[in-house]
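Here is the structure we will look at, set down as structure tokens.
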Amino acid sequence: MRKCTTAAVASLAVFLASGIIHEWLNYSVQVYHHAEAPKDSIYNPDNIILGSNMAFFAWQFFVMSIEKSFGEISSAKVPQQLVPFLVIMTSLPLAFWFAEPYFQGRFFWDYEGILPTVIKMD
């Protein structure tokens, strides 16, 4: 793909494809698990809010682009050990965009029988 277009366009295509696949996975799992959910429930397939996974991957593309452009135009060298930390710290605050649909959709319920889990008690 690099022969036909730039690396930035190829990276954007990969992040968008990943966002689409995760949106489809999220929707498919929620429809499978909650096909019989009441109409007013957030677990009803008709009430699924899509787009947060796509927004997360778009943010990741933005972070990666900033990292690459900062590295190319910056005269000051950033220590190599610091770069992963900075990338994680710019991604971590928005990680709920990726994880929340899976938690709300009870994606991990199938694993609760075999894996120890922590459940909030009221």
Parallel, tilted or perpendicular, as decided by the 30° and 60° cut-offs, for the rings of Phe98 and Phe57: perpendicular
Rounded distance [0.5 Å steps], OG in Ser52 versus NE2 in His22: 11.0 Å
Interatomic distance, Ser28 atom OG to Ile21 atom CD1 [nearest 0.5 angstrom]: 11.5 Å
Contacts of Glu23 that satisfy side chain to side chain donor-acceptor pair (under 3.5 Å) - sequence neighbours left out: none
Donor-acceptor under 3.5 Å (Trp59 side chain, Thr90 main chain): yes
Straight-line distance of Thr6 OG1 to Leu12 CG, nearest 0.5 Å: 9.0 Å
Ser18 (side chain) donor-acceptor with Val14 (main chain) under 3.5 angstrom: no
Residues Phe15, Met64; criterion side chain to side chain contact (heavy atoms under 4.5 Å, CB included); working and verdict: CA-CA 10 Å; Phe15 278 107; Met64 186 210 59; 4.0 Å; yes
hydrophobic_cluster_shared for Ile88 and Ile66, side chain cutoff 4.5 Å: no
Interatomic distance, Asn53 atom CG to Trp24 atom CH2 [nearest 0.5 angstrom]: 13.0 Å
Atom pair CG (Leu94) and CZ (Phe62), whose distance is rounded to the nearest 0.5 Å: 11.0 Å
